[in-house]
Amino acid sequence: PRVTIVGAGRVGSTLAQRIAEKNLADVVLLDIVEGMPQGLALDLMEARGIELHNRQIVGTNNYADTSGSQIVVITAGLPRKPGMSRDDLLKTNAKIVVEAAKNAIACSPHAIFIVVTNPLDVMTYLAWQATGLPRERIMGMAGVLDSARFETFIALELGVLPADVKAMVLGSHGDLMVPLSRYATVNGIPITELLDVATIERLVQRTRNGGAEIVELMQTGGAFFAPASATSVMVESILLNQSRLLPTATYLQGEYGLEDVVIGVPCRLGCGGIENVLELNLSDSETEALHTSAQSVRQNIMKAQE
Ligand code: NAI
């Protein structure tokens, strides 16, 4: 199989490495900057003998080279600078993502799309609109990353192995995300049995602020290692038809009382893309948080379209 990554920046190039080194697919890295994706591809190809895989990695500035891809991941666009919110990227990235989605679908009409560019939920909505794809085949990555951050902070707090912590974060990718603490467990034991309310609330806040914390530390762009890992998990579940249940930004059609908006909810991902959307029995406050989060996405969709 072949995966195209539009945007060979830090998230895109790290994702190319993950996909090739996990031996999942051949990769086409596309960027507008001339020479840069070609150089990165060559560098990744030269690591193959050491990393022991035989995947092709091609760098290009031309969409024709992406044709016949099973999956297209869009990471093209600007990342945040310190003090910026994801929403500050709205107009610039909207143009880039819509153009990328249209170009990519023209060359790979059967592809499944994963949007990564921020503000994530709005960009996924715009890409869905621009491609005219059924919702099963276009989704956004945010929840897997936000959940991994929540799990990390829980693991650090309790001094346990990160792999033993399972948690899910729903909602939009931003300050209004909805970490579901009452579902979070350490090997099946709810964290509410292990941590007091104030501590859980502190970890939830750190999760909401997880992206900004890294932007402030680095000062030049944002996180990319964990975002690339999170995206590769979605790519893997689709390519290997694993049917993993992952928080995924998807176009809602009445689920959770929401429609005509993109937001993160649990979805099963397999070879056709989104196999189904799972509707949880949320509490009143969780539902309210999800609706507040959806409302802010709606406002930004309107702003992007002005
Ligand atoms: P970056 O600046 O390293 O890479 C972006 C790349 O896009 C650059 O190489 C640039 O040349 C390219 N690009 C710009 N316009 C293009 C166009 N029209 N066609 C093709 N390529 C184009 O940024 P980074 O750190 O890789 O982040 C990429 C995006 O992903 C940002 O919007 C960032 O906010 C977002 N992001 C989203 C996450 C999520 O959880 N959904 C997590 C991390 C980042």
Side-chain angles (χ1 to χ4, degrees), residues 4-18 28-41 59-63 65-66 72-82 84-104 107 113-127 130 139-150 169 171-175 177 207-215 218-234 246-250 262-264 297 304:
T4 284
I5 302 169
V6 183
R10 295 195 297 178
V11 176
S13 57
T14 310
L15 176 62
Q17 180 187 11
R18 296 265 193 278
V28 181
L29 257 179
L30 183 143
D31 204 281
I32 37 164
V33 179
E34 284 180 20
M36 182 266 266
Q38 291 85 344
L40 287 168
T60 184
N61 309 111
N62 185 350
Y63 279 91
D65 295 327
T66 69
V72 173
V73 182
I74 300 180
T75 74
L78 308 184
R80 284 194 279 174
K81 296 203 177 77
M84 279 172 94
S85 83
R86 291 178 181 87
D87 296 346
D88 292 331
L89 304 168
L90 197 61
K91 293 244 168 181
T92 324
N93 284 356
K95 251 178 96 175
I96 295 173
V97 167
V98 165
E99 184 198 277
K102 283 185 174 162
N103 285 327
C107 297
F113 280 66
I114 304 175
V115 178
V116 178
T117 307
N118 275 319
L120 188 272
D121 308 87
V122 184
M123 294 304 124
T124 307
Y125 184 96
L126 297 179
M139 65 197 83
M141 186 292 290
V144 179
L145 172 64
D146 294 332
S147 303
R149 285 180 173 152
F150 192 27
V169 177
S172 62
H173 185 49
D175 304 338
M177 69 179 72
T207 304
R208 290 210 173 95
N209 195 46
E213 183 179 359
I214 291 175
V215 172
M218 303 211 311
Q219 295 286 313
T220 52
F224 58 99
F225 289 122
S229 293
T231 312
S232 79
V233 161
M234 296 173 77
L246 300 170
T248 302
T250 183
V262 166
I263 209 164
V297 174

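Note that the structure is a prediction, hence the values are computed from the model and not measured. Atoms within each ligand, like the ligands themselves, are counted from 1 in listed order.
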Query raised in the report: Is Met36 in contact with ligand 1, taking contact as a heavy-atom separation below 4.0 Å?
Result: yes

Query raised in the report: Of the choices Ala228, Ala8, Gly77, Gly221, which has the non-hydrogen atom that lies closest to atom 5 (C) of ligand 1?
Result: Gly77

Query raised in the report: How far is atom 44 (C) of ligand 1 from its nearest protein heavy atom, and which residue and atom is that?
Result: Val11 CG2, 3.8 Å

Query raised in the report: Nearest to atom 30 (O) of ligand 1 by heavy atom, Val144, Val116, Thr124, Thr14: which?
Result: Val116

Query raised in the report: Thr250 versus Val262: any side-chain heavy-atom pair under 4.5 Å?
Result: no

Query raised in the report: Please state which protein non-hydrogen atom is closest to atom 29 (C) of ligand 1 and give its distance, to 0.1 Å?
Result: Thr75 O, 3.5 Å

Query raised in the report: With atoms numbered from 1 as shown, which atoms in ligand 1 lie under 4.0 angstrom from a non-hydrogen atom of Leu120?
Result: 41 (N)

Requested in this report: Closest by any non-hydrogen atom to atom 41 (N) of ligand 1: pick that one out of Arg149, Met141, Met218.
Outcome: Met141

Query raised in the report: Minimum heavy-atom separation for Tyr63 to Ala100, with atom names?
Result: OH-CA, 3.4 Å

Query raised in the report: Do any N or O atoms from the side chain of Ser13 and from the backbone of Leu40 form a donor-acceptor pair under 3.5 angstrom?
Result: no

Requested in this report: Please determine if His173 has a nitrogen or oxygen closer than 3.5 Å to a nitrogen or oxygen of ligand 1.
Outcome: yes

Query raised in the report: What protein heavy atom is closest to atom 2 (O) of ligand 1, reported as residue, atom name and distance in Å?
Result: Pro79 CD, 3.4 Å

Report task. Would you check if Thr231 and Val73 make a side-chain contact, meaning some heavy-atom pair closer than 4.5 Å? Result -> yes

Query raised in the report: Can you tell me the protein heavy atom closest to atom 3 (O) of ligand 1 and the distance?
Result: Arg10 N, 2.9 Å

Query raised in the report: Taking only heavy atoms of Pro227, which atoms of ligand 1 are found under 4.0 Å from at least one of them?
Result: 42 (C), 43 (C)

Requested in this report: For residues Phe224 and Met218, report the shortest heavy-atom separation together with the two atoms involved.
Outcome: CE2-CE, 4.4 Å

Report summary line: Shortest non-hydrogen pair, His173 vs Leu120, comes out as CB-CB, 3.9 Å

Query raised in the report: Would a distance-only check, ignoring hydrogens and angles, find a side-chain to backbone donor-acceptor pair under 3.5 Å from Thr14 to Phe225?
Result: no

Report task. May I ask you to list the atoms of ligand 1 that are less than 4.0 angstrom from any heavy atom of Asn93? Result -> 32 (O)

Query raised in the report: Considering only heavy atoms, does Leu78 approach ligand 1 within less than 4.0 Å through its side chain, its backbone, both, or neither?
Result: backbone

Query raised in the report: What are the two closest non-hydrogen atoms of Ala127 and Val97, and how far apart are they?
Result: CB-CG1, 4.1 Å

Query - Where Val215 and Gly222 come nearest, the two heavy atoms and their spacing - result: CG2-CA, 3.8 Å

Report task. Please answer whether the main-chain N or O of Val115 pairs with a side-chain N or O of Thr124 as donor and acceptor at a distance below 3.5 Å. Result -> no

Query raised in the report: Is ligand 1 under 4.0 Å from a heavy atom in the side chain of Ala76, in the backbone, in both, or in neither?
Result: both

Query - Which residue and heavy atom of the protein sit nearest atom 12 (C) of ligand 1, plus the separation - result: Asp31 OD2, 3.2 Å

Report task. Can you pull out the closest protein heavy atom to atom 4 (O) of ligand 1? Residue, atom name and distance to 0.1 Å, please. Result -> Gly9 CA, 3.1 Å

Report summary line: For Ala223, the atoms of ligand 1 under 4.0 Å from one of its heavy atoms are 43 (C)

Report task. Pull out every atom of ligand 1 sitting under 4.0 Å from any heavy atom of Val33, numbered as shown with elements. Result -> 11 (O)

Report task. May I ask you to list the atoms of ligand 1 that are less than 4.0 angstrom from any heavy atom of Leu145? Result -> 40 (O), 42 (C)

Report summary line: Between Pro37 and Ala8, the two heavy atoms sitting closest are CB-CB, 4.1 Å

Report task. Below 4.0 angstrom from a heavy atom of Ile96, which ligand 1 atoms are there? Numbered from 1 as shown, please. Result -> 15 (N), 16 (C), 17 (C), 18 (N)

**Report entry** Qualifying residues under salt bridge (charged side-chain N to carboxylate O under 4.0 Å, His left out), relative to Glu99, sequence neighbours excluded
**Finding:** none

Query raised in the report: If we only count N/O pairs under 3.5 Å, is Asn118 in contact with ligand 1?
Result: yes

**Report entry** ligand 1 versus Ile32: contacting region, heavy-atom distance under 4.0 Å
**Finding:** both

Report summary line: Contacts of Asn61 meeting side-chain hydrogen bond (donor to acceptor under 3.5 Å, both in side chains) (sequence neighbours excluded), chain-then-number -> Gln38

Query raised in the report: Is any N or O atom of Tyr63, backbone or side chain, closer than 3.5 Å to an N or O atom of ligand 1?
Result: no

**Report entry** Side chain to side chain, Thr60 and Leu29, heavy atoms closer than 4.5 Å
**Finding:** no

